[in-house]
Amino acid sequence: MATGSRGRRDRLAAPRRLLGSWSLWELPRRGLIGYLLLVDVAAFAATAYLFVLRPPATSSLLPFFALLGGMILSSELSRSVERSRADTRLGAGLDAAWIFAGALLVPPALAALLVVVSAGYRWFRIRRGIPHRQVFAASATMLSALGASIIPVLLGAPPFADAARDFESFALVFATGLVFLSVDAALAAPAAEFGAEPSGFAFDAAMVAFGLLLAWSAVDWPFVTVVLAGALVVLHRAGTMRALRGHASTDSGTGLLTASSWLDGARTQFDLLRGRGADLSLLMLDLDHFARLNDRHGRHVGDDVLRAVADTLRAEVRAADLVGRFGGEEFVVLLPGTSRFDAHAIAERIRLRISSTFVSLGGTFAGATVSIGVSSHPGAGETLDRLVGAADQALRAAKGAGRNRTVVFETEESV
């Protein structure tokens, strides 16, 4: 008997342990936690209420399951590219088209149920992200679908399937699409600073437009729905693959060039300028005590600091300069046509700007300083590798001299 009671207690404790381990509780502002939970509760409570208030008619089950099947099939066909996406927002994939079609064709509660199934599918088949973010994303999209579905009901308009195909009906559908997009964007905006991942509005708008076509064809010409669904998958795969090829050269955390991409570009610039006999300088930056900052404030704050440094570098250099992330907390900048003395002045300006940059910690602030090594061609060497090595040597000298300073690589000729 005692063993059975202990087993029941263990089973009840498992969900509590799972919820207690969510990174939601580590967010820096308690008000934000309450907001995220409020949106979650509102979405599921509204869906349950509408199931009771307006129970779906049997006739609505056929279009619901047709939309559900199309959504799952198209997502499955795009699963390989969806897994490669950096974002986890529900509206960022194909699902928004099918969900908006559902908002037009089925009762509000069933439209919200499409979101729940879609979120579950993405969790089990595509990628398991941070739980509270994915739950919040699904909740926001549920409320968007509910809002869009209720618009025609509130206005006393006929269902989409029975509406005339005239300008007035188009205007109503257009307004419905705006509600769908606006509610989702408005709900995500307050949480964006702490991990909500809003997708591109233009892409979501395109998916809503596709959702209108899917709903229209499902009513007036069902066979065209199959063609549209196939086109949607092909366009999504092609567009995502092009985007991924573009993002492959950039660091996902900062948006700067990756080390390999920076080296490729720097070699091209170096060979071109060396042939012309032009000046060229290189800065290598390293955040001081970055590991200590991570340990004290958490990795999410460290990521914010890295992004702030990347933004500062982009703001302080020219469009022709190459900026890359060279390692965990190390950055590198190639300055074509820049002398050793000018490079030192630029490095100092960047160092002072970064030392005055802070990220919010919900009432307190975290900042960082950088040490910078500077090297220049031709004094520091006749190859890019030697130029990089000289900057690294100067950087280590800056670290050894006490950090938060700039050191220029000196040769016998330059002393």
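The basis for the numbers below is simple: all heavy atoms, side chains too, and nothing from hydrogens, waters or symmetry mates.
In this structure a side-chain-to-backbone donor-acceptor pair under 3.5 Å is missing from Ser60 to Pro56. For Ser118 (side chain) and Val116 (main-chain N/O), no donor-acceptor pair under 3.5 Å exists by modelled atom type. Under the 3.5 Å distance criterion, the side-chain polar atoms of Arg318 are matched with a main-chain donor or acceptor of Pro336. Checked by atom type and distance alone, the side chain of Ser355 pairs as donor or acceptor with a backbone atom of Leu352 at under 3.5 Å. Side-chain atoms of Arg267 never come within 3.5 Å of backbone atoms of Phe270 as a donor-acceptor pair (strictly under, hydrogens ignored). The main-chain N or O of Leu68 is never found under 3.5 Å from a side-chain atom of Trp98 such that the two would form a donor-acceptor pair. Side-chain atoms of Ser371 come within 3.5 Å of backbone N or O of Asn404 as a donor-acceptor pair. Between the side chain of Ser376 and the backbone N or O of Ser281 there is no donor-acceptor pair closer than 3.5 Å. For Thr141 (side chain) and Ala137 (main-chain N/O), a donor-acceptor pair under 3.5 Å exists by modelled atom type. Judged purely by atom type and a 3.5 angstrom limit, Tyr121 uses its side chain to pair as donor or acceptor with the backbone of Glu76.
For the pair Leu105 and Ala218, the tightest heavy-atom approach, listed with the atom from each and the gap, is CD1-CB, 4.1 Å. Shortest non-hydrogen contact noted between Ala145 and Ala103 is O-CB, 4.0 Å. The nearest pair of heavy atoms linking Val388 to Phe326 is CG1-CE2, 4.2 Å. Here the closest heavy-atom approach between residue Val179 and residue Ala148 is recorded as CG1-N, 3.9 Å. The minimum heavy-atom distance between Leu187 and Tyr35, with the atom names listed, is O-OH, 2.6 Å. The two atoms that bring Pro108 and Ile150 nearest to each other are CG-CG1, 4.1 Å, heavy atoms only.
Interatomic distance, Leu257 CG to Leu263 CG, rounded to the nearest 0.5 Å: 10.0 Å. Taken from CG in Leu280 to CG in Leu282, the straight-line distance is 7.5 Å, to the nearest 0.5 Å. Note that the CZ atom of Phe100 and the OG atom of Ser144 stand 11.0 Å from one another [nearest 0.5 Å]. Distance CZ/Phe160 to OG/Ser149: 12.5 Å, rounded to 0.5 Å. Remark: Asp204 CG to Leu181 CG distance equals 6.0 Å, nearest 0.5 Å. Separation of atoms CD1 (Ile99) and CG (Asp184) is listed at 9.5 Å; rounding is to 0.5 Å.
Atom CH2 of Trp216 is surrounded by 12 or fewer heavy atoms from other residues, nucleotides or ligands within 6.0 Å. The local environment of CZ in Arg349 is crowded, with over 12 non-hydrogen atoms from other residues, nucleotides or ligands closer than 6.0 Å.
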Go through Thr254 and Val309 one step at a time and tell me if the side chain to side chain contact (heavy atoms under 4.5 Å, CB included) criterion holds.
CA-CA 9 Å; Thr254 61; Val309 170; over 6 Å; no
With side chain to side chain contact (heavy atoms under 4.5 Å, CB included) as the test, would you mind laying out the steps for Val173 and Leu212 before giving the verdict?
CA-CA 8 Å; Val173 171; Leu212 168 59; 3.5 Å; yes
Walk me through whether Asp95 and Met207 qualify under side chain to side chain contact (heavy atoms under 4.5 Å, CB included).
CA-CA 8 Å; Asp95 298 348; Met207 290 298 100; over 6 Å; no
Would you please test Val323 and Trp262 for side chain to side chain contact (heavy atoms under 4.5 Å, CB included) and show each step?
CA-CA 7 Å; Val323 185; Trp262 183 89; 5.9 Å; no
Please test Arg351 against Thr312 for side-chain hydrogen bond (donor to acceptor under 3.5 Å, both in side chains), starting from the C-alpha separation and ending with a verdict.
CA-CA 10 Å; Arg351 183 183 66 81; Thr312 299; over 6 Å; no
Take Arg165 and Asp220 through the salt bridge (Lys or Arg N to Asp or Glu O under 4.0 Å) test and state the conclusion after the steps.
CA-CA 10 Å; Arg165 302 298 182 247; Asp220 292 343; 3.3 Å; yes
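Contact check for Leu313 versus Leu285: side-chain heavy atoms found under the 4.5 Å cut-off. Counting only heavy atoms from C-beta outward, the side chains of Met284 and Ile372 never approach each other to under 4.5 Å. With contacts defined as side-chain heavy-atom distances shorter than 4.5 Å, the pair Leu67/Leu214 does not qualify. At a threshold of 4.5 Å between non-hydrogen side-chain atoms, the residues Met71 and Leu114 count as touching. In this structure, the side chains of Leu228 and Leu232 stay at 4.5 Å or more apart for every pair of heavy atoms. Contact annotation: the side chain of Thr47 approaches that of Leu146 to within less than 4.5 Å [non-hydrogen atoms, C-beta and beyond]. Contact of the Glu382 side chain with the His377 side chain is registered, since non-hydrogen atoms from C-beta on lie closer than 4.5 Å. Annotation: side chain of Thr369 is not in contact with side chain of Ile354 (no heavy-atom distance under 4.5 Å).
Electrostatic pairing of Asp279 and Arg340 does not count as a salt bridge here, judged by no charged N lying under 4.0 Å from a carboxylate O. With salt bridges taken as basic N to acidic carboxylate O contacts below 4.0 Å, none links Asp286 and Arg403. A salt bridge does not link Arg307 with Asp311: every distance from a Lys NZ or Arg NE/NH1/NH2 to an Asp or Glu carboxylate oxygen is 4.0 Å or more.
Put simply, the residue from Ile346, Thr406, Val332 that forms a side-chain contact (heavy atoms from CB on, under 4.5 Å) with Leu283 is Ile346.
With hydrogens and angles left out, the side-chain atoms of Ser217 and Thr225 include a donor and acceptor closer than 3.5 Å. Of the N and O atoms on the side chains of Ser261 and Asp264, not one donor lies less than 3.5 Å from an acceptor on the other residue.
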